[in-house]
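Structure first, then comments.
Nothing here was measured: the structure is a model prediction, and the numbers come from that model.
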Amino acid sequence: MQRDVTHNANNSLDPVSVKVLQQLSGPVNITVYATEQDARLGDIRKIISEFLSLYQRYKSDIKLVFIDPVKEAERTRAAHIQLNGEMVVEYAGRSEHLTQINEQIFTSTLLRMAHTRDQTVMYLDGHGERKLDGIANHDLGSLFGAKLKQNGFRLSSLNLALAQEVPLNASVLVVAQPQLDLMPGEMDKLLRYIDRGGNLLWLVDAEPLHGLERLAEKLDLLLPSGIVIDPAATGMNAAPTWSLGATYPPHAITRNFNLITAFPSARPLIWSEEPGWEHHVLVEVAPRGWVSRSAFGGKAPAGKPAFDKRHDTPGPAIIAVALRRSINDRDQRIVVVGNGAFLSNSFAGNGGNVDLGVNMVNWLSGEEHLITLQPRTAKDSNLTLSRTQLNVISIGFLLGLPLMLAGAGVYIWWKRRRT
């Protein structure tokens with residue numbers, strides 16, 4: 001039996017790591033190619049053994065084997081080992097090489113291996129859309145796309161002007177605000193993908209739809225013009241057109257999710273209750289705010305924002321919704337977010353934006369069991385003392401404690417002299 005009493009639980013695994021281990025049904029084999037002593041790190045085998053013992057507490061069938069690359073040089077070359085201490089992790093017929101070891105890297109490796117099948121996330125391209133692997137400020141690649149790749153998803157672009165149809169191997173198709181109109185033939189291919197039961201992540205910015213009106217009609221969505229104004233954001237010194245998500249209705253995507261999310265220039269979503277679709281609200285914002293018609297297009301209204309009862313709509317506003325239905329003997333899943341900038345390279349680092357986006361893709365691809373949990377937050381280890389408290393402590397150690405010890409010594413001397 002063990003108990004971690006360190007302040008930040010330094011000798012225990014993060015709950016996210018434990019959750020990943022619970023998804024691994026078979027044994028994990030780890031082969032480490034390391035000498036008994038490393039010139040820089042010392043006893044590298046001991047370091048690795050102690051680290052992996054944290055994982056073996058929760059999964060006893062993690063098997064660890066050490067091989068000396070000097071004594072077994074031929075086997076080391078056959079395994080394509082480059083560095084002393086390099087390890088090969090094997091699970092369910094898959095293997096990966098690791099040259100660095102920490103909890104984030106090792107857990108991410110296990111998470112990729114936990115995927116039940118190869119998953120391809122495709123994104124619509126050719127009309128100025130945000131790219132999942134792009135590095136520009138408006139693209140989605142630096143944080144969101146990188147996290148998807150780290151979790152084992154393959155990313156690929158899709159140009160419907162060239163492709164005959166949306167490929168059948170696409171687990172999820174991402175549509176992120178085209179800047180040019182889609183041609184009618186391209187829309188036909190996109191709608192056929194929906195009719196076949198394809199899964200979709202649609203990021204709708206507060207801009208013209210550029211031909212995607214037919215997609216909104218297919219999904220029975222109403223996309224009124226306007227930008228959400230959230231007074232809670234202005235209280236955090238954010239722009240008046242930002243809105244903050246803090247509490248989330250229950251859904252697989254938002255299960256155990258308690259991080260704040262930030263949405264710059266979000267637009268509201270409304271839908272008609274058609275019997276074919278199940279609708280689940282994911283993010284509702286601005287309970288004390290409103291939807292401003294004068295701010296449509298992402299531009300903040302001049303001066304301090306104020307509610308105009310003639311044109312504006314009082315909050316709260318729904319800005320993200322999940323749709324689900326059974327079609328063609330498959331479970332179709334769609335997520336629509338009234339904002340694409342929250343996952344862009346410029347804004348994805350705010351709060352839990354990336355975590356929410358990854359959760360959406362995991363749910364869309366049928367990998368609910370991999371939906372990320374929030375890592376534990378480090379407890380504050382700083383002690384703030386006032387000037388008076390510092391003086392008391394200083395005097396106590398410099399004068400009080402020595403005098404107390406001296407007094408104890410005098411008392412013992414006096415007692416012994418009497419006897």
Side-chain angles (χ1 to χ4, degrees), residues 115-134 140 144-145 148 153-205 207-223 252-253 269 271-272 274-280 282 320-338 340 343 357-368:
H115 278 284
T116 56
R117 59 190 185 277
D118 291 334
Q119 301 275 26
T120 300
V121 178
M122 308 194 80
Y123 63 93
L124 193 63
D125 197 12
H127 315 88
E129 295 91 345
R130 304 178 189 270
K131 300 179 184 294
L132 271 181
D133 53 3
L140 313 174
F144 177 56
L148 291 179
F153 290 99
R154 291 202 304 262
L155 308 182
S156 178
S157 62
L158 174 65
N159 191 327
L160 288 178
L162 303 176
Q164 293 184 346
E165 296 289 344
V166 178
L168 297 176
N169 67 334
S171 301
V172 181
L173 176 62
V174 179
V175 178
Q177 195 55 45
Q179 300 300 304
L180 301 174
D181 291 351
L182 275 71
M183 293 183 292
E186 293 178 293
M187 278 305 308
D188 292 340
K189 297 174 185 178
L190 180 57
L191 296 182
R192 284 197 293 269
Y193 171 74
I194 300 299
D195 290 335
R196 294 199 310 266
N199 299 323
L200 175 71
L201 173 60
W202 186 14
L203 305 177
V204 194
D205 286 311
E207 299 176 10
L209 295 180
H210 293 292
L212 293 175
E213 292 85 356
R214 292 172 60 190
L215 176 60
E217 294 176 4
K218 172 71 70 173
L219 302 179
D220 299 314
L221 285 175
L222 305 175
L223 302 175
I253 292 175
L269 305 177
W271 58 87
S272 57
E274 294 293 332
W277 292 101
E278 297 178 14
H279 297 84
H280 299 275
L282 297 179
V321 62
L323 292 79
R324 190 172 187 173
R325 70 175 177 177
S326 178
I327 184 172
N328 298 332
D329 297 325
R330 64 176 297 177
D331 182 26
Q332 183 178 23
R333 302 179 178 190
I334 293 175
V335 171
V336 182
V337 185
L343 291 176
V358 172
N359 282 3
M360 290 175 177
V361 174
N362 280 332
W363 180 75
L364 288 168
S365 60
E367 301 277 14
E368 293 98 323

Exercise: identify the closest heavy-atom pair between [X] and [Y]:
X: Arg333; Y: Leu364; value: O-CD2, 3.3 Å
X: Thr120; Y: Ser156; value: CG2-CB, 4.3 Å
X: Val166; Y: Ala170; value: CG1-CB, 4.3 Å
X: Leu140; Y: Ala176; value: CD1-CB, 4.4 Å
X: Leu209; Y: Pro178; value: O-CG, 4.1 Å
X: Tyr123; Y: Arg130; value: CD1-O, 4.2 Å

Polar side-chain atom of [X] near backbone of [Y] as donor-acceptor pair, under 3.5 Å:
X: Asn328; Y: Arg330; value: no
X: Asn362; Y: Glu367; value: no
X: Glu129; Y: Gln177; value: no

Going from [atom1] on [X] to [atom2] on [Y], what distance comes out if it is rounded to the nearest 0.5 angstrom?
X: His210; Y: Leu180; atom1: NE2; atom2: CG; result: 7.0 Å
X: Trp202; Y: Leu323; atom1: CH2; atom2: CG; result: 10.5 Å
X: Leu201; Y: Met122; atom1: CG; atom2: CE; result: 14.5 Å
X: Gln332; Y: Trp277; atom1: CD; atom2: CH2; result: 4.0 Å
X: Leu124; Y: Ser157; atom1: CG; atom2: OG; result: 9.5 Å
X: Arg214; Y: Leu219; atom1: CZ; atom2: CG; result: 12.5 Å

Within a strict 4.5 Å, meaning less than it, do heavy atoms of the [X] and [Y] side chains meet?
X: His127; Y: Asp181; value: no
X: Asp331; Y: Asn199; value: no
X: Leu212; Y: Met187; value: yes
X: Phe153; Y: Val172; value: no
X: Leu223; Y: Leu269; value: yes
X: Lys189; Y: Arg192; value: yes
X: Arg196; Y: Leu168; value: yes

Please assess Val337 against Val204 for the test side-chain contact (heavy atoms from CB on, under 4.5 Å), listing each intermediate value before the final yes or no.
-> CA-CA 6 Å; Val337 185; Val204 194; over 6 Å; no
Residue pair Leu160, Met183: steps toward the side-chain contact (heavy atoms from CB on, under 4.5 Å) verdict = CA-CA 9 Å; Leu160 288 178; Met183 293 183 292; over 6 Å; no
Only one of Leu158, Val121, Ile194 forms a side chain to side chain contact (heavy atoms under 4.5 Å, CB included) with Leu173, so which one is it?
->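 Among Leu158, Val121, Ile194, the one meeting side chain to side chain contact (heavy atoms under 4.5 Å, CB included) with Leu173 is Leu158.
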Non-neighbouring partners of [X] that pass side-chain hydrogen bond (donor to acceptor under 3.5 Å, both in side chains), sequence neighbours left out:
X: Asp195; value: Lys218
X: Asp220; value: none
X: Glu213; value: none

Show your reasoning for whether side-chain contact (heavy atoms from CB on, under 4.5 Å) applies to Trp363 and Asn359.
-> CA-CA 6 Å; Trp363 180 75; Asn359 282 3; over 6 Å; no
